[in-house]
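Excluded from the calculations below are hydrogen atoms, water molecules and symmetry mates; all remaining heavy atoms, backbone and side chain alike, are included. Counting begins at 1 with the first residue of the sequence.
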Amino acid sequence: MDKPEKLEMQSADGVQLNLDALYQIAPSCFTEAADPKTGKVKRMVNFNTLRQLLGDDTVEDAPEAYEFNWVGKQAARAEVLRPIKKTLRPVKEDSVDWDNTQNLYIEGDNLEVLKLLQKSYLNQVKMIYIDPPYNTGKNLIYKNDFSVSEKEFLIKSGVIDEYNNRLVTNTQANGRFHSDWCSMIYARLLVCRSLLTKDGIICLTIDDSEIENVTAIMNEVFGEVNHLATIVVKNNPSGRSTTKGASISHEYALFYGADEDTTLGRLPRNEAQIARYKEKDEMGAFEWVNFRKHGGYKEDAPSMYYPIYVKRDCSSFRIPKLEWNDNQKEYIILEEPMTDETISLPIDEQGRPRRWKWGLDRALSCPSEMMAKKDRSGEPTVYIKARMNDEGMLPLTVWDDKQYSSTEYGANLLKKMFGASYFDYPKSLYAVIDSLKIGSLDKNSIVLDFFSGSATTAHATMQLNAEDGGKRKFICAQIPEKTDCESESYKAGYKTICEIGKERIRRAGKKIKEEHPEVQDLDTGFRVFRVDSSNFEEVEHTPKDWDQTQLELFLNNIKADRDDLDLLFGCLLDWGVKLSLPITSEEVDGKMIYTVNEGDLVACFAEKVTDNVVKAMADKMPLRVIFRDSCFDQDADKINIYETFKQLLDWTDEQVVKNIRVI
């Protein structure tokens with residue numbers, strides 16, 4: 001029997017994710033062939049078969065093609081596919097309610113964060129809300145150079161901080177001013193798309209500086225057909241002056257779906273909108289709407305093109321006798337109005353006939369839903385009951401309410417929470433809440449924000465849960481950008497943006513719980529993780545590079561500063577298990593056993609595990625089992641655990657090989 005397989009301990013391979021996705025829709029274009037690197041037989045694409053499946057809808061090196069291109073695009077695309085050997089280390093001391101919360105706050109370069117989350121959160125995120133740095137020539141952006149290795153770039157650029165993050169001011173003097181920004185956002189959008197559920201939605205906010213470019217990128221990554229809305233958000237009522245003679249007072253919120261069947265949700269009606277529906281009947285609230293001047297024209301709805309005859313005193317109305325003409329695709333009127341009747345027909349602003357918004361079948365079958373009366377101009381016409389939709393209102397494409405959109409409102413809220421101004425231009429809490437609402441979230445959805453900033457998205461998720469009793473979870477990622485040493489936040493002890501964000505979540509969570517004591521089990525905690533180098537020492541060297549004192553690394557290559565929790569969460573990432581699941585531990589024969597979500601994964605990293613430890617792990621009916629390589633004195637001991645789990649759990653040889661791993 002084979003020995004237990006080792007976990008890869010690296011992020012997902014983007015190429016393999018693409019191959020897996022292609023296999024789901026076109027398995028016939030795959031064949032088995034020897035891998036030229038390893039010699040092992042593996043599943044590979046037969047491009048001749050793939051071309052046959054695609055027919056004429058393929059192109060290679062077309063001299064002219066419609067596409068958006070820039071310097072560095074191919075390198076950014078290649079970087080997306082490249083796995084990284086990094087990990088997420090738990091930071092319990094910064095967390096809140098670690099044992100019970102399902103929310104995550106992650107510090108680090110968000111491209112690395114997204115790659116590390118791919119295995120555990122593939123197709124699991126219902127909504128992504130991001131507010132990336134605007135390319136104004138003043139804001140900091142992530143400075144990635146995908147054409148060279150990370151080490152070469154760090155040496156060349158000299159723009160790293162203590163966390164090895166790369167942030168620079170992308171000034172307009174830079175010859176690749178737009179290209180650098182496009183590469184930055186393109187790479188991150190490509191990775192995050194794989195995290196969205198099939199009906200998932202992403203919202204990206206941006207200003208005028210990159211709206212054309214980012215729209216083209218979003219169309220490429222998510223598909224132009226999946227564009228749901230571009231909403232103009234009035235975020236600065238007083239405006240921001242420009243040298244071109246305009247005062248900019250808005251930004252844009254771009255909404256895209258992961259699938260062409262995805263639609264935006266509705267927003268609750270405000271008091272003024274509800275007040276319109278003054279009357280009620282057995283079917284609920286309604287208002288009378290005059291459709292004479294509000295008819296909707298549709299070429300594919302000819303059955304809605306017919307007159308209604310209304311008595312001039314509005315005592316009654318009727319639909320004349322009609323005959324359908326299939327050649328003309330319209331009704332032929334068979335009788336003229338009486339002398340005491342007038343013709344009511346929808347008209348446009350130029351007085352031209354249009355279609356009714358409701359069909360003939362409704363007009364004939366539901367006379368109680370209609371009434372005749374004079375409009376404001378004194379013309380007899382037909383009114384129809386327009387009922388209030390309990391699902392709410394479709395979102396408008398312009399948000400100009402101060403509470404909806406203003407960064408001034410967001411700044412005042414944050415100032416009230418902290419007692420001082422610690423963050424520039426935070427989003428309005430209500431603008432983010434409404435964005436989440438039209439994201440069609442169910443009450444158990446995961447919300448991701450990988451440009452977290454002041455953590456408005458985390459605050460909005462908790463607030464929305466408090467309002468409707470939801471159990472939504474947030475994942476926030478933020479690079480630990482340093483605060484200015486002259487700023488109020490730095491003087492108050494907040495040395496990075498992450499420290500401000502984490503403290504905001506703590507304060508917001510406490511306040512929300514105080515304001516909503518009626519909501520049971522409201523999750524306002526969060527687990528903190530930090531991107532770091534691999535848990536394992538680099539041992540991929542030739543024998544001449546080692547001396548006798550270093551050979552023990554082959555026996556134990558785990559870094560000295562890493563503990564069991566570091567190893568456990570590294571395994572969760574690599575095996576595709578969510579980081580938010582509950583974890584328990586127990587000691588058997590002096591060895592600690594960790595259980596994730598009552599058996600999703602069971603691990604032991606102690607030296608020289610005993611039979612009692614193995615049996616205790618099997619008793620938990622695990623789906624996955626992890627051991628440390630040094631748990632066993634010899635290979636025979638590793639093989640013995642196969643037999644133990646086979647006997648205790650009635651696993652087959654195939655299940656044992658699949659379910660047990662070592663690190």
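Closest heavy-atom contact between Ile106 and Val113: CG2-CG2, 3.7 Å. The minimum heavy-atom distance between Gly439 and Lys126, with the atom names listed, is O-NZ, 3.1 Å. Across all their heavy atoms, Cys203 and Ser435 have their closest contact at SG-OG, 4.4 Å. The minimum heavy-atom distance between Ile446 and Val125, with the atom names listed, is O-CG1, 3.5 Å. Between Ser11 and Lys115 the shortest heavy-atom distance is CB-O, 3.6 Å. The two residues Lys437 and Leu267 come nearest to each other via the heavy atoms CB-CD2, 3.9 Å.
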- Could you give me the CA-CA distance, side-chain angles and deciding distance for Asn465 and Leu522, then say whether side chain to side chain contact (heavy atoms under 4.5 Å, CB included) is met? CA-CA 7 Å; Asn465 284 340; Leu522 183 60; 3.8 Å; yes
- Any chance you could lay out the side chain to side chain contact (heavy atoms under 4.5 Å, CB included) test for Ile217 and Trp70, step after step, and finish with the verdict? CA-CA 11 Å; Ile217 291 173; Trp70 65 88; 4.0 Å; yes
- Item | Check against salt bridge (Lys or Arg N to Asp or Glu O under 4.0 Å), Glu220 and Lys73 | CA-CA 12 Å; Glu220 177 179 331; Lys73 182 178 182 180; 2.7 Å; yes
- Task: Quick one: do Arg507 and Glu503 satisfy salt bridge (Lys or Arg N to Asp or Glu O under 4.0 Å)? Show the steps, please.
- Result: CA-CA 6 Å; Arg507 297 189 181 204; Glu503 183 60 22; 2.8 Å; yes
- Step by step, would you call Tyr105 with Ser452 a side chain to side chain contact (heavy atoms under 4.5 Å, CB included)? CA-CA 9 Å; Tyr105 187 96; Ser452 178; 4.1 Å; yes
- List the steps and the verdict of salt bridge (Lys or Arg N to Asp or Glu O under 4.0 Å) for Arg82 and Glu79. CA-CA 5 Å; Arg82 191 175 300 123; Glu79 174 59 28; 2.3 Å; yes
- Decide side chain to side chain contact (heavy atoms under 4.5 Å, CB included) for Phe529 and Leu579; before the verdict, give the C-alpha distance in whole Å, the side-chain angles of both, and the deciding distance to 0.1 Å. CA-CA 10 Å; Phe529 295 87; Leu579 303 179; 4.2 Å; yes
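Between the side chain of Lys415 and the backbone N or O of Phe423 there is no donor-acceptor pair closer than 3.5 Å. At distances below 3.5 Å, at least one donor-acceptor pair connects side-chain atoms of Gln478 with backbone N or O atoms of Gly453. Put simply, the side chain of Asn226 never gets that close to the backbone of Tyr256: no donor and acceptor are under 3.5 Å apart. In this structure, the side chain of Trp399 does not engage the main chain of Asn235 through any donor-acceptor pair within 3.5 Å. In this structure a side-chain-to-backbone donor-acceptor pair under 3.5 Å is present from Ser440 to Thr263. No donor-acceptor distance shorter than 3.5 angstrom exists from the side chain of Asp449 to the backbone of Thr457, with no hydrogens or angles considered. Between the side chain of Lys502 and the backbone N or O of Ala455, no donor-acceptor pair lies under 3.5 Å. For Ser120 (side chain) and Leu117 (main-chain N/O), no donor-acceptor pair under 3.5 Å exists by modelled atom type. A distance-only check finds a donor-acceptor pair linking the side chain of Ser95 to the backbone of Val91 [under 3.5 Å]. A donor-acceptor pair under 3.5 Å is absent between the side-chain atoms of Thr381 and the main chain of Lys374, judged by distance alone.
Atom CG of Asn103 is separated from atom SG of Cys476 by 8.5 Å, given to the nearest 0.5 angstrom. Here Arg266 contributes atom CZ and Leu394 contributes atom CG; the two are 4.0 Å apart, rounded to the nearest 0.5 Å. Note that OG1 of Thr197 and CG of Leu122 are 11.0 Å apart. Values are rounded to the nearest 0.5 Å. Between the CD1 atom of Ile433 and the NZ atom of Lys427 there is a distance of 14.5 Å, given to the nearest 0.5 Å. Leu441 contributes atom CG, which lies 6.5 Å from atom CE of Met127 (distance to the nearest 0.5 angstrom). With rounding to the nearest 0.5 angstrom, the OG1 atom of Thr215 is 10.0 Å from the CD atom of Glu224.
Between the side chains of Ser194 and Gln118, at least one donor N or O lies within less than 3.5 Å of an accepting N or O. Residues Arg527 and Thr101 bring no donor and acceptor atom of their side chains to less than 3.5 Å of each other. Between the side chains of Asn444 and Arg472, not a single donor N or O lies within less than 3.5 Å of an accepting N or O. If you check the side chains of Glu251 and Tyr134, you find a donor sitting under 3.5 Å from an acceptor. Using modelled atom types, one finds a donor on one side chain and an acceptor on the other under 3.5 Å when comparing Arg77 with Tyr186. Under the 3.5 Å distance criterion, with hydrogens and angles disregarded, a donor-acceptor pair is assigned to the side chains of Asp208 and Tyr252. A side-chain N or O of Ser445 and one of Asp442 form a donor-acceptor pair less than 3.5 Å apart.
Lys511 has a carboxylate O that lies under 4.0 Å from a charged side-chain N of Glu515, or vice versa, which qualifies the two as a salt bridge. In this structure, Asp109 pairs ionically with Arg188, as a charged nitrogen and a carboxylate oxygen lie closer than 4.0 Å.
At a threshold of 4.5 Å between non-hydrogen side-chain atoms, the residues Arg506 and Asp94 count as touching. Annotation: side chain of Leu114 is in contact with side chain of Leu195 (closest heavy-atom distance under 4.5 Å). Looking at Leu111 and Val191, their side chains come closer than 4.5 Å, going by heavy atoms from C-beta outward. A heavy-atom distance below 4.5 Å is not found between the side chains of Ile130 and Thr205. Annotation: side chain of Ile185 is in contact with side chain of Leu204 (closest heavy-atom distance under 4.5 Å). For the pair Leu436 and Val447, the minimum side-chain heavy-atom distance is below 4.5 Å. Looking only at side-chain heavy atoms (C-beta outward), Leu414 and Tyr422 stay at 4.5 Å or farther from each other. You'll find the side chain of Met417 reaches within 4.5 Å of the side chain of Arg504, heavy atoms only.
Note: Tyr494 and Phe418 have perpendicular aromatic rings, judged against thresholds of 30 and 60 degrees for the angle between ring planes. Ring orientation note: the planes of Trp288 and Phe286 are nearly perpendicular, at an angle over 60° on the 30°/60° scale.
Contacts of Gln102 classified as side chain to side chain contact (heavy atoms under 4.5 Å, CB included), with partners at least two apart in sequence or in another chain: Lys473, Asp523, Ser580.
Atom NZ of Lys491 has more than 12 neighbouring heavy atoms from other residues, nucleotides or ligands inside a 6.0 Å radius. The local environment of CD in Glu467 is crowded, with over 12 non-hydrogen atoms from other residues, nucleotides or ligands closer than 6.0 Å. More than 12 heavy atoms of other residues, nucleotides or ligands lie within 6.0 Å of NZ in Lys471, so this atom counts as buried by the packing criterion.
Note on residues 464-490: no pairs pass ring pair (Phe, Tyr, Trp, His ring centres under 6.0 Å), not counting sequence neighbours.
Under the side-chain hydrogen bond (donor to acceptor under 3.5 Å, both in side chains) test applied with Glu287, the options Lys278, Arg276, Lys385 reduce to a single match, Arg276.
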